[in-house]
Number of protein chains: 2
Amino acid sequence: MWLRASTREERGGPPLSRQRIVEEAVALLDEEGADRLTMRRLAERLGTGSTTLYWHVKTKDDVLDLALDAIFAAVRIPEGAEWRAGLTALIGDWRATLLRHPWSAALLGRPMLGPNVLARSDFLYATLVRAGVAEPHLTAAAFGLSNFVIGSALMEATWLVNADAETRDAAREHMDHQRDRYPALAAHGPLTAADDWDSSFERGLNWLLDGVEATIATG
Amino acid sequence: MWLRASTREERGGPPLSRQRIVEEAVALLDEEGADRLTMRRLAERLGTGSTTLYWHVKTKDDVLDLALDAIFAAVRIPEGAEWRAGLTALIGDWRATLLRHPWSAALLGRPMLGPNVLARSDFLYATLVRAGVAEPHLTAAAFGLSNFVIGSALMEATWLVNADAETRDAAREHMDHQRDRYPALAAHGPLTAADDWDSSFERGLNWLLDGVEATIATG
DNA sequence: CGGTCTCTCGAACAACGATCCGGTGGAGGT
DNA sequence: ACCTCCACCGGATCGTTGTTCGAGAGACCG
């Protein structure tokens, strides 16, 4: 009764809200990873009971959807830039954001319909249209660019961020032990000289943009 | 005692083995989806107790890793084809396989080091090398192509296969209701004329391959 | 003061991954 | 024929998870 911390001042911090839950969820995911996100742990960090969260949020999946959309607020939408420079900036920011929150890569397999994602997708389509890209190249360009970022971030997060050094070393040894079975992979594979992810990404992105640009002239 | 079905003939089917577990896991995943895969349910389909599985397999994650690699056995490795035709065939098969087992897309965020995946990656590198692609274009090409397939399959599986009709309709209505907020997306977005995923994929793939091909001549 | 609405939380439930430990059956030796 | 051994099996059980239920506490309105 008198021991219970029931008033807001006693619990400390601002009142609970959907936004505060999502902010803390992102922080928890950043610090401990996806598998450590528990409704109980999240509630504990917020100083409340675990079941209280369900008043502000319907399910745990909702928390994940909201957290996933929240991080895309950091992706700046370029203004006034030429189309190719604008898209390069947007997609670079997109990739950097996904890598800054490595847990996000594993969540990309769910529908992304949050306002932040939609606004950036809208910019992508609008920029392509203004650049003169028409169907059927338009859909192919938007899909291709999005999928390229998603795939890159997914693979990069898998190997560079999520995997601990122990896993990476085991993988390297695993490959070394089967060097004769996968010769090309052992000689040129990603585990040999893997520190140029950035320039590899940039190269692939430019190939795509070159292809898109070529469709503008020819129609 | 006498009621217990303890001999192999009474339990029916061949003796339990790692391979049989993986086969049944793939079948279960195909029929019911990723979240329905339970050690108990899997054991039930195999006619054994759930704890028996742990004799053949260390953890549930191992089952997932094995199932993920198993489906790549269906990706044919082209022989004797010209490099660009060979890569087009391999990547097309790759994408088709991922889409035939939609649960696989969500699992791509884990290290893929199984023999089937490694053999196909080796073919990818070997083909690029034989075509005359050298560093730094080689890594960029291998990464770019892989990431493009992965991203495409992930997004496509999310929207076309995993999402039920109800979710898709809700998404369409959601977009329709905010038509003024995302004008370009509403006019040209993926939910408007979404039935050309195949040709969009082919277009994007050709942009990438064009870029790779251009690096061969110039070095 | 009474009533209603918003918000909080302890207790509880079903399901899950995983482990412990006691089996069971058949192959191989003697 | 008997024993031993060991690959293989599974019932009971533990700790944890997402989620529900119902009982409240506090604020605001009449």
Side-chain angles (χ1 to χ4, degrees), chain A residues 1-26 28-29 31-68 103 106-107 109-110, chain B residues 1-25 28-29 31-68 103 106-107 110:
Chain A
M1 174 59 125
W2 286 275
L3 300 176
R4 203 148 359 128
S6 50
T7 72
R8 260 146 203 181
E9 289 73 23
E10 283 168 317
R11 263 203 321 280
L16 201 52
S17 67
R18 198 199 285 254
Q19 175 184 334
R20 226 165 78 78
I21 291 177
V22 174
E23 282 172 6
E24 198 64 39
V26 171
L28 173 54
L29 286 165
E31 292 172 20
E32 309 193 32
D35 36 340
R36 306 282 293 193
L37 174 62
T38 294
M39 295 303 269
R40 287 176 231 266
R41 229 189 298 271
L42 179 57
E44 193 183 3
R45 287 178 62 128
L46 287 163
T48 72
S50 59
T51 64
T52 304
L53 302 178
Y54 286 93
W55 176 261
H56 303 272
V57 150
K58 203 134 199 272
T59 66
K60 183 190 177 184
D61 275 356
D62 279 16
V63 177
L64 292 175
D65 283 333
L66 291 168
L68 184 58
W103 48 269
L107 297 181
R110 57 180 65 219
Chain B
M1 173 57 128
W2 284 275
L3 299 177
R4 203 149 359 127
S6 50
T7 73
R8 261 148 202 177
E9 289 73 24
E10 282 169 318
R11 264 204 321 278
L16 203 53
S17 68
R18 198 196 285 251
Q19 175 185 333
R20 224 164 79 77
I21 291 178
V22 173
E23 284 171 6
E24 199 64 39
L28 174 53
L29 287 165
E31 293 171 20
E32 309 192 32
D35 36 340
R36 305 282 293 194
L37 175 63
T38 295
M39 296 303 269
R40 289 176 230 263
R41 227 189 300 271
L42 180 56
E44 193 183 1
R45 286 177 63 126
L46 287 164
T48 72
S50 59
T51 64
T52 304
L53 301 179
Y54 287 94
W55 176 261
H56 303 271
V57 151
K58 202 133 198 273
T59 66
K60 183 191 177 183
D61 275 355
D62 280 17
V63 178
L64 291 176
D65 283 333
L66 291 168
L68 184 59
W103 47 269
L107 297 181
R110 58 181 62 219

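Naming convention: chains lettered A, B, ... in sequence-line order (proteins, then strands); numbering from 1 in each chain. Because only heavy atoms are used, hydrogens play no part in the values below, and waters and symmetry mates are left out as well, while side chains stay in.
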(message) If you assign A:Thr38 and B:Thr51 each to the DNA chain D nucleotide with the nearest heavy atom, which residue ends up on the more 5' nucleotide?
(response)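 In this pair, the answer is B:Thr51.
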(request) Could you please spell out the steps behind the side-chain contact (heavy atoms from CB on, under 4.5 Å) verdict for A:Asp62 and A:Tyr54? (result) CA-CA 10 Å; A:Asp62 279 16; A:Tyr54 286 93; over 6 Å; no
(request) Just call it for B:Leu37: base, sugar-phosphate, or nothing, with non-hydrogen atoms closer than 4.0 Å on any strand. (result)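 Contact class for B:Leu37: sugar-phosphate only.
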(request) Could you check whether B:Ser50 gets within reach of a base, just the sugar-phosphate, or nothing at all, counting any heavy atom under 4.0 Å? (result) nothing
Determine: side-chain N/O of [X] to OP1/OP2 of [N], distance under 4.0 Å, yes or no.
{"X": "B:Trp55", "N": "D:dC9", "answer": "no"}
{"X": "A:Thr48", "N": "C:dT8", "answer": "no"}
{"X": "A:His56", "N": "C:dT6", "answer": "no"}
{"X": "B:Thr52", "N": "D:dG10", "answer": "yes"}
{"X": "A:Arg41", "N": "D:dT16", "answer": "no"}

Hey, does [Y] have a side-chain heavy atom less than 4.5 Å from the side chain of [X]?
{"X": "A:Arg41", "Y": "A:Glu32", "answer": "yes"}
{"X": "A:Leu46", "Y": "A:Thr52", "answer": "no"}
{"X": "B:Leu64", "Y": "B:Leu37", "answer": "yes"}

(message) Can you tell me which nucleotide in C:dG17, D:dC8, D:dC9 comes closest to the side chain of B:Arg40?
(response)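 The listed nucleotide nearest to B:Arg40's side chain is C:dG17.
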(message) Nearest to the side chain of B:Tyr54, heavy atoms from C-beta on, is which of C:dC16, D:dT20, C:dA18?
(response)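 Between C:dC16, D:dT20, C:dA18, the one nearest the side chain of B:Tyr54 would be C:dA18.
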Distance check needed: [N] [atom2] versus [X] [atom1], whole Å only.
{"X": "A:Leu28", "N": "D:dT17", "atom1": "CG", "atom2": "P", "value": "11 Å"}
{"X": "A:Lys60", "N": "D:dT17", "atom1": "NZ", "atom2": "C1'", "value": "8 Å"}
{"X": "B:Asp62", "N": "C:dA18", "atom1": "CG", "atom2": "C1'", "value": "13 Å"}
{"X": "B:Met39", "N": "D:dG11", "atom1": "CE", "atom2": "P", "value": "16 Å"}
{"X": "B:Lys58", "N": "D:dC8", "atom1": "NZ", "atom2": "P", "value": "17 Å"}

(request) Run the numbers on B:Glu23 and B:Gln19 for side-chain contact (heavy atoms from CB on, under 4.5 Å), then give the verdict. (result) CA-CA 6 Å; B:Glu23 284 171 6; B:Gln19 175 185 333; 2.9 Å; yes
